[in-house]
Amino acid sequence: MKRSLALAMLLALSLAPSARAANEADYKTAYAAAEAASKEAAGMRNQWTVTVSALAAAKKAADGGDFDRAVAAAKEAEALAKASIFQATSEKEAWKAMEIR
Amino acid sequence: MASSIRVRATSNGDITEVQALIQHPMDTGLVKDSKGELIPAHFIQELKFECNGKDVFVANWGTAVSKDPYVKFSFKGAKKGDELKISWTDNKGGSDTTTAKIA
Amino acid sequence: MKPRSALLLGSLSAALVAFALTSPRVVAADKVDPIADAKAFQNFFFQKFPNVTHEDFVNGPYSMNEDMKRQWQEKEEFPPYEFALDAGKEVFSTPFKNGKTYADCFPNGGIGIRQNYPYFDTKEGKVVTLELALNRCREANGEAPYSYVKDEMASLTAYMAYTSRGKPMDIKIPDDPRALAAFENGKRYFYTRRGQMNFSCASCHVQSPGERIRAETLAPALGILNAMPIYRSEWSGMGTTSRRFVTCNSQTRAVPLEPQSDEYRDVEYFLSYVANGLPISGPGARP
Amino acid sequence: MTTTTGTHPTRRLILQGAASVALLGLGNLPFGAVPARAAANDKYPEEAFKQKSEADAIKALYGKTAEPSDKVKLDAPEIAENGGVVPISVTTTLDKVTSIAFFVAENPFALAASYKIPDGTIPAVANRLKMAKTTKLTAIVEADGKLYSATKEVKVTVGGCGG
């Protein structure tokens with residue numbers, strides 16, 4: 001579990017800018033995916049603050065017409081949200097390992 | 001409105017020990033609020049303690065004194081029941097005064 | 001963005017390794033047994049800190065560090081919560097517009113009862129905290145509720161805690177499956193990792209009390225709520241139990257829940273119950 | 001401001017029971033009154049509080065320099081639990097004290113507080129100060145027209161300038 005969480009975070013880091021400049025449609029797709037994942041995380045009562053800020057950063061960049069940055073931020077938000085979903089899922093049982101008994 | 005000044009003055013033979021706590025923001029003028037705007041400096045400059053018509057302690061403060069400032073000192077020559085007068089003024093012209101009986 | 005994230009990843013894996021090494025032994029979960037849980041919880045801290053007297057745990061980080069304790073004792077000569085205490089007493093004794101007072105809402109007129117909160121309300125089937133009871137009292141008397149995190153709520157609970165100082169925490173779990181479920185849910189919340197830092201409440205307050213995390217000395221979980229509400233120098237002001245939970249969540253980069261959400265009520269129930277027998281020390285002063 | 005030095009020896013005897021020091025005080029008795037004591041003046045020392053460095057602040061407050069003295073006892077924590085509220089106190093066995101001041105070298109403005117100690121007041125003060133970061137802390141006691149200092153290093157991990 002620990003390794004896969006780290007992997008999920010690595011994923012967030014490996015988003016090098018692509019050769020082709022991103023356009024608004026790319027952004028909309030990326031943002032929709034990020035938003036869906038973040039809603040799922042919130043539904044599990046496990047939203048991360050960094051997901052919220054990455055989403056906001058994506059929106060801000062898109063509003064400013066910088067779609068490369070907007071897509072990158074949206075993808076980062078999605079990766080973060082997925083990591084938080086993964087965390088919430090695995091913690092359903094994993095928390096017991098921490099318990100004082 | 002309750003006084004901004006809390007005082008405890010206790011007599012122990014010839015020596016009176018005084019502790020005071022004052023409600024004041026003591027803003028440095030270097031800190032920004034949540035909107036990113038500088039909070040103007042607002043701090044007590046002078047705090048004076050008088051007993052039996054005589055200054056027994058005078059503090060001159062800058063912005064480096066903590067919020068809700070505290071001070072402790074002792075003086076001689078007063079007895080139980082004597083009145084201590086405490087007053088402060090700040091850099092915006094604000095002030096407060098109170099009196100406390102030495103216990 | 002990248003270097004910062006990478007840095008975080010590094011510290012995260014270091015933390016994970018540390019946890020892997022120090023995790024308590026895993027025992028198969030079975031039925032909910034709060035009495036055994038409380039005993040194990042207290043024993044864990046008593047054994048981990050054999051030099052700390054049992055009552056001293058309610059003084060949080062000050063029970064862990066002599067230099068800090070001295071600074072605290074110095075401050076306690078004229079504590080920074082003094083103004084909140086006075087304000088709380090005044091608010092508490094000022095009647096509502098309908099002439100009734102807070103005293104009418106509480107057993108024993110609200111004096112010396114802090115140690116009995118939170119309690120499990122068998123009618124509602126939920127945990128009721130002191131903060132919640134205070135706002136319900138206001139609303140029942142036609143007054144608008146207060147913010148749960150600071151100001152009047154902190155002043156009121158400061159005063160009520162002050163009148164209860166020294167009384168042993170005395171939380172009851174009634175014979176009701178929902179009460180047991182609330183306790184268990186609170187326990188789960190306490191041990192569940194969340195936020196990008198992948199920390200649970202226990203990561204800091206069970207594994208590392210007395211140690212420094214960034215700039216703060218961590219308080220032991222045992223008795224941590226006995227000191228509520230607290231004046232935190234970091235906040236330059238007072239904060240309630242709700243505020244403490246909210247800031248803890250934010251620090252692990254988890255979006256905090258609503259104050260007085262079910263999870264927070266349950267974790268308060270759990271943490272208070274396992275501190276049964278330790279004295280109320282609130283209001284407290286903390287760095 | 002004039003000082004009636006005549007009461008000093010008696011006060012010292014009662015306070016510290018240190019007869020030898022009291023005798024020393026007696027030796028100064030006829031010439032005890034010293035003029036020019038900036039910090040003991042009635043006016044708020046606006047200029048001194050505006051100085052950034054400790055040296056400039058001391059100069060502006062007193063117009064002279066201080067010498068270290070083991071008769072000045074400065075009490076401060078080694079590690080401040082929070083830079084916003086650091087309990088600091090000073091006591092001294094020096095005689096004819098007219099003022100006590102605190103300087104926090106690394107703060108934006110070094111002078112933190114200056115206290116006038118009128119005749120009959122014990123030369124000891126406790127207060128709480130803000131510290132922006134790990135810093136040298138200096139207490140200066142003005143006694144019989146001279147300046148005596150004590151310093152201490154205070155580690156600050158949470159700065160006191162964040163409000």
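Letters A, B, ... mirror the listed sequences (proteins, then strands); counts begin at 1. Quantities reported herein were computed from a predicted structural model and do not represent experimental measurements. Computed from heavy atoms alone, side chains included, the values below leave out hydrogens, waters and symmetry copies.
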Below 4.5 Å from any heavy atom of chain D, which atoms of B:K48 appear? Answer side chain, backbone, both or neither.
-> neither
Between B:S66 (side chain) and D:G84 (backbone), is there a donor-acceptor pair under 3.5 Å?
-> yes
Quick one: what part of B:F49 sits under 4.5 Å from any heavy atom of chain D, side chain, backbone, both or neither?
-> neither
Inter- and intrachain pairs under ring pair (Phe, Tyr, Trp, His ring centres under 6.0 Å), touching residues 84-103 of chain B, at least two apart = B:H24-B:W88
Decide if atom NZ of B:K92 counts as having more than 12 heavy atoms of other residues, nucleotides or ligands within a radius under 6.0 Å.
-> yes
Which word best sums up how the rings of B:W61 and D:Y115 line up, parallel for under 30°, tilted for 30 to 60°, or perpendicular for over 60°?
-> perpendicular
Side-chain touch B:N60/D:K43, heavy atoms, less than 4.5 angstrom = no
N/O donor-acceptor pair under 3.5 Å between D:T121 side chain and B:V56 backbone = yes
More than 12 heavy atoms of other groups within 6.0 Å of B:K54 NZ | yes
Pair count under 4.5 Å, heavy atoms only, with chain D: among B:A59, B:S74, B:G13, highest is B:S74
Could you tell me the separation between the CD1 atom of D:I117 and the CG atom of B:D55, rounded to the nearest 0.5 Å?
-> 12.0 Å
Contacting moiety of D:V125, where chain B heavy atoms sit under 4.5 Å = both
Any side-chain heavy-atom pair from D:N127 and B:P69 closer than 4.5 angstrom?
-> no
Does CG in B:D33 sit with more than 12 non-hydrogen atoms of other residues, nucleotides or ligands closer than 6.0 Å?
-> yes
Side-chain donor/acceptor of D:K130 to backbone N/O of B:M26, under 3.5 Å | yes
Residue part contacting chain D, namely of B:L21, when any heavy atom lies under 4.5 Å | side chain
Can you tell me if NZ on D:K152 sees more than 12 non-hydrogen neighbours from other groups inside 6.0 Å?
-> yes
Does B:Q45 have any side-chain hydrogen bond (donor to acceptor under 3.5 Å, both in side chains) partners at least two apart in sequence or in another chain, and if so, which?
-> none
